[in-house]
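Here is the structure we will look at.
Quick note: numbers below take in every heavy atom, side chains included, and nothing from hydrogens, waters or symmetry partners.
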Amino acid sequence: MASTVVAGVELMAAGRAPATGMLTETGHMPEHGRLYRRHETDLAPLIRDALGLVPLDRIAFSGWDVRPASVLEAVEREKIVPYQLAQQVANRLESIKPFPAVRKASSEGVLQLRQNIRAFREATGVSRVVVVDLTPTAPTIPISETHTSLERFEAAIEEKSPAISPGMLYFYAALQENAPYVNFTPNVNEIPALAELASKKGVPFAGRDGKSGQTFLKTVLAPGLRDRQLRVRGWFSANILGNNDGKALSDPQACATKVTSKGAALDAILGYPVTSDEGEPTHVVTIQYYPPRGDEKESWDSIDIEGFLGSVMQLKINFLCRDSILAAPLVVDLVRFIEYAHRRGEAGPQEFLGAYFKSPVFAPGQFVVHDFFEQLEAIMQKLRTWSEADSAPAARVA
């Protein structure tokens with residue numbers, strides 16, 4: 001998916017592809033308490049212009065990979081971006097080659113990652129670096145005392161402890177280099193020790209697990225069923241996909257991590273557990289690796305609802321989508337929003353970005369919002385706050 005993000009931005013920046021699917025590119029600022037959706041869009045400025053978000057043609061890329069291939073080679077291998085399109089920016093894509101990936105915790109690995117970030121910053125002249133985790137789903141590492149304090153976490157790195165996942169290591173290196181971090185994976189990297197470091201360094205972060213397909217639809221539909229007072233008696237969600245993420249999910253432990261992330265939102269939105277009359281869970285999520293699909297993910301939802309007079313009805317949805325095509329514009333939005341948040345001095349978990357994630361990371365003790373419309377309103381409220389701060393008169397100093 002990383003190669004799709006890079007190729008997509010390069011194509012849009014060159015005017016070779018439409019900028020579709022990004023709130024930060026075509027969304028409008030909210031006015032007078034209204035959301036950005038409006039007929040009089042010419043009267044409201046674009047979010048990108050009103051805030052001064054980083055233009056697409058000023059975003060530079062690098063990254064890490066287990067393979068040394070250039071982005072162009074990755075694009076041609078993955079076959080997500082059409083060949084004819086990729087060739088229009090082939091020189092740019094060929095010039096972007098990854099740093100060697102660090103796969104195990106060690107002080108040497110941290111040093112390498114930090115040096116890579118510095119080298120990228122120096123080579124490109126960018127004013128700010130954002131690190132986005134797009135690695136495959138991995139088996140869950142149990143949270144232990146190692147993860148609860150920065151001192152213990154750093155000691156575990158020195159000891160090369162298996163309790164430190166690669167994602168945690170990249171997050172740690174990003175924070176040490178004052179780089180905002182986005183976790184687009186289901187892997188639990190936002191541990192207390194790193195939240196502590198983010199606060200100390202004054203760096204924002206956001207996550208977890210990009211919400212682009214089936215779960216996005218679930219968090220749109222469930223609020224409507226709830227508000228119509230239709231009781232959900234069961235919700236069966238099945239998925240097949242054949243890309244690298246699907247291959248990683250063929251590992252039962254990795255699949256369990258993903259299923260947990262995909263299944264967390266429904267009960268929170270509805271306000272009750274989805275169960276049978278006997279209390280047996282009836283919200284079921286399955287994921288199957290199916291190579292013929294490639295990046296063309298397919299999902300089915302079969303929803304049993306109970307209405308007036310106890311009548312039982314069903315809703316069925318078949319979503320044939322492109323996994324990376326849905327996710328790539330969300331990554332661009334997240335990069336632009338979190339860079340701007342850092343510019344404004346924001347730090348810690350960026351809860352207003354919850355609409356982009358299946359398992360949004362909130363500060364301890366805060367209620368986690370999953371309802372997509374409430375999440376969207378949180379973004380709009382943040383934009384209003386920023387806009388009002390910009391328009392406020394400067395304070396006088398006596």
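Ring planes of Phe372 and Phe216: perpendicular class, angle over 60° (limits at 30 and 60°). Aromatic ring orientation, Phe337 versus Trp386: tilted (interplanar angle from 30° to 60°).
A donor-acceptor pair shorter than 3.5 Å cannot be found between the side chains of Ser106 and Lys160. Side-chain contact check for Thr385 and Glu388: no donor-acceptor pair (N or O, by modelled atom type) lies under 3.5 Å. In this structure, a donor-acceptor pair under 3.5 Å is present between the side chains of Gln381 and Arg384. For the 3.5 Å distance criterion, the side chains of Lys218 and His283 qualify, holding a donor opposite an acceptor. Of the N and O atoms on the side chains of Asn239 and Glu298, not one donor lies less than 3.5 Å from an acceptor on the other residue. For Asn189 and Asp133, the side-chain atoms include at least one donor-acceptor pair closer than 3.5 Å. Using a 3.5 Å distance cut-off with no hydrogens or angles, the side chains of Gln375 and Tyr356 do not pair a donor with an acceptor.
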Under the salt bridge (Lys or Arg N to Asp or Glu O under 4.0 Å) rule, what do Asp209 and Lys358 come out as? Steps first, then yes or no, please.
CA-CA 5 Å; Asp209 198 4; Lys358 296 184 183 74; 3.5 Å; yes
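Within 6.0 Å of the CZ atom in Arg128, the count of heavy atoms belonging to other residues, nucleotides or ligands exceeds 12.
A side chain to side chain contact (heavy atoms under 4.5 Å, CB included) with Leu93 is found for one member of Leu11, Leu72, Val81 and no other, namely Leu72.
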